[in-house]
Amino acid sequence: MCVRLAEDEASEGLAWESVPLEMLYAAEPWRTFRWYMGQRHYSGSYWSSTQSDHVIYESRLELARLLYADFDRNVTAIVAQPFLLRTEVGGVLRRHIPDYLLATAAGPLVVVVKPRHRAAKPEHAFAFAWTREAVESRGWRYEVWSEPPDAELANVRFLAGYRRDWLFEPDLTEEIYDQVVEEESPPEQLFDPVILDEVRDRVRDTLGEAFACLPGRPAPLVRAGVLHLLWKQQWLTDLSVPLRARSVLRTAS
């Protein structure tokens with residue numbers, strides 16, 4: 001079984017059993033994509049707080065898996081389309097490009113994203129079987145990921161709007177205001193690192209109470225701080241149901 005990385009001719013024919021994991025974590029996406037009218041797939045790039053960079057996706061379902069990976073505190077790196085596996089199965093040359101390789105606290109996780117109705121088809125099950133065997137032969141985990149629960153996905157997608165740590169950094173806030181020259185009023189602030197620290201120390205029983213925990217501070221900035229803490233999972237709540245004012249909060253253990 002061989003593996004090849006995108007745009008790396010030197011990797012042609014590397015034995016799968018011995019290719020360095022560090023090489024795979026540094027790999028560029030195997031495929032490139034273009035946008036055009038009438039295309040069937042929804043492609044794009046997502047700014048990942050885990051990577052502090054953009055990661056590509058080729059469908060809305062892949063974007064959903066990206067959101068979950070970015071939200072997962074056990075994931076430390078996300079690589080899109082990391083390699084092409086090639087081997088002979090039943091006398092036929094087979095090829096497969098996984099959608100994502102995740103570095104996790106439990107070790108590497110190779111992810112294939114497939115809608116549930118397609119994952120059940122025999123041809124896909126066959127591809128999953130030989131690629132799973134290859135991945136697990138190295139002691140890694142393999143995952144076929146399909147549609148998540150609607151409410152949970154909606155919550156994670158909403159919280160992702162508050163994922164950017166650097167927007168809460170004091171130095172950045174000062175830099176933005178220092179760049180304002182000859183303006184009648186400063187730009188509207190979306191995040192405030194001081195308020196974030198104050199909110200962190202005032203965990204409340206419900207989401208509504210957390211939003212109101214600093215009555216002397218601008219409500220939008222307090223909400224941003226609360227939702228950032230939920231994204232960071234410093235505060236936790238039940239994401240299997242829609243977020244609402246009465247959602248119960250608890251601190252991470």
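None of the values given here were measured: they were computed from a predicted structure.
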Taking C-beta and beyond as the side chain, do Ser48 and His54 meet within less than 4.5 Å on heavy atoms?
no
Is there a path from Val248 to Phe158 through hydrophobic residues (I, L, V, M, F, W, Y) whose side chains come within less than 4.5 Å of each other?
no
May I have the step-by-step check of ring-ring contact (aromatic ring centres under 6.0 Å, His included) for Tyr68 and Trp145, ending in yes or no?
CA-CA 11 Å; Tyr68 273 73; Trp145 198 85; 5.5 Å; yes
Pair His96-Val112, side-chain contact (heavy atoms from CB on, under 4.5 Å): steps then yes or no:
CA-CA 10 Å; His96 184 73; Val112 176; 3.6 Å; yes
Close side-chain approach of Leu66 to Tyr100, heavy-atom, < 4.5 Å
yes
Between Trp47 and Arg164, does the side-chain contact (heavy atoms from CB on, under 4.5 Å) criterion hold? Intermediate values first, please.
CA-CA 9 Å; Trp47 191 89; Arg164 295 169 175 83; 3.7 Å; yes
Atom pair CD1 (Ile195) and SG (Cys213), whose distance is rounded to the nearest 0.5 Å:
9.5 Å
Just by modelled atom types, is the Ile78 backbone N or O under 3.5 Å from a matching donor or acceptor in the Gln51 side chain?
yes
Verify the neighbour count for atom CD of Gln234: are there more than 12 heavy atoms of other residues, nucleotides or ligands below 6.0 Å?
yes
Side chain proximity check, Arg94 to Phe126, heavy atoms < 4.5 angstrom
yes
Show your reasoning for whether salt bridge (charged side-chain N to carboxylate O under 4.0 Å, His left out) applies to Lys114 and Asp99.
CA-CA 9 Å; Lys114 194 71 66 175; Asp99 295 303; over 6 Å; no
Are any side-chain N or O atoms of Arg116 and backbone N or O atoms of Glu147, one a donor and one an acceptor, separated by less than 3.5 Å?
yes
Asp201 atom CG: more than 12 heavy-atom contacts under 6.0 Å:
yes
If I compare all heavy atoms of Thr104 with all of Thr76, which pair ends up nearest, and what's the gap?
N-OG1, 4.4 Å
Closest non-hydrogen atom pair between Arg141 and Gly107, with its separation:
NH2-O, 3.8 Å
Using side-chain contact (heavy atoms from CB on, under 4.5 Å), reason through Val110 and Trp140 one step at a time and then give a plain yes or no.
CA-CA 8 Å; Val110 175; Trp140 301 351; 4.2 Å; yes
Can you confirm whether Pro108 sits close enough to Leu101 that some side-chain heavy atom of one is under 4.5 Å from a side-chain heavy atom of the other?
yes
Closest approach of Ser240 to Ala151 (non-hydrogen atoms, all atoms of both residues):
O-CB, 3.5 Å
Residues Ala69 and Thr50: closest non-hydrogen pair is O-OG1, 4.2 Å
Give a yes-or-no answer on whether the side chains of Ser49 and Asp70 include a donor-acceptor pair shorter than 3.5 Å.
yes
Taken to the nearest 0.5 Å, the spacing of Thr237 OG1 from Leu239 CG works out to 6.5 Å
Donor-acceptor contact below 3.5 Å, side chain Gln233 vs main chain Phe71
yes
Go through the steps to decide whether His228 and Asp165 satisfy the test side-chain contact (heavy atoms from CB on, under 4.5 Å), and finish with yes or no.
CA-CA 8 Å; His228 181 67; Asp165 290 320; 3.1 Å; yes
With the side chain counted from C-beta on, respond yes when Arg95 and Leu85 share a heavy-atom pair under 4.5 Å apart, and no when they do not.
no
Side-chain heavy-atom pair Leu63, Arg157 within 4.5 angstrom cut-off:
no
Keeping the roles fixed (side chain from Arg202, backbone from Glu198), state whether a donor-acceptor pair exists under 3.5 Å.
yes
Applying a strict under-4.5 Å side-chain criterion to I, L, V, M, F, W and Y, I'd like to know whether Val241 and Leu230 cluster together.
no
Would you mind checking if Arg217 and Asp192 are paired as a salt bridge, meaning a charged N to carboxylate O distance below 4.0 Å?
no
I'd like to know if Glu209 pairs up with Arg246 as an ion pair, taking the criterion as any Lys NZ or Arg NE/NH1/NH2 lying under 4.0 Å from an Asp or Glu carboxylate oxygen.
no
Over 60° means perpendicular and under 30° means parallel, so tell me whether Phe128 and His124 are parallel, tilted or perpendicular.
parallel
Could you check if a side-chain atom of Thr206 sits within less than 4.5 angstrom of a side-chain atom of Leu249, using non-hydrogen atoms only?
no
Decide whether Thr131 and Tyr142 meet the rule of one side-chain donor and one side-chain acceptor closer than 3.5 Å.
yes
What is the minimum heavy-atom distance between Ser146 and Ala119, and which atoms define it?
OG-CB, 4.3 Å
Is the backbone N or O of Gly225 less than 3.5 Å from a side-chain atom of Arg200, with the two atoms forming a donor-acceptor pair by type?
no
Does any non-hydrogen side-chain atom of Arg204 lie less than 4.5 Å from one of Phe211?
no
When you measure from the centre of the six-membered ring of Tyr42, is the NZ or CZ of Arg60 closer than 6.0 Å and no more than 45° off the axis?
yes
Could you tell me whether Arg138 sits above the aromatic face of Trp16, with NZ or CZ closer than 6.0 angstrom to the six-membered ring centre and within 45 degrees of the axis?
yes
Tell me whether Leu236 shares a hydrophobic cluster with Leu227, the cluster being built from Ile, Leu, Val, Met, Phe, Trp, Tyr side chains joined at under 4.5 Å.
no
ring-ring contact (aromatic ring centres under 6.0 Å, His included) evaluation trace for Trp30 with Phe83
CA-CA 6 Å; Trp30 181 264; Phe83 54 81; 9.5 Å; no
For Gln81 and Glu58, does a side-chain donor sit closer than 3.5 Å to a side-chain acceptor?
yes
Shortest non-hydrogen contact from Val79 to Ala27?
CG1-O, 3.7 Å
Point-to-point distance, once rounded to the nearest 0.5 Å, from CG of Asp72 to CG of Leu67
12.5 Å
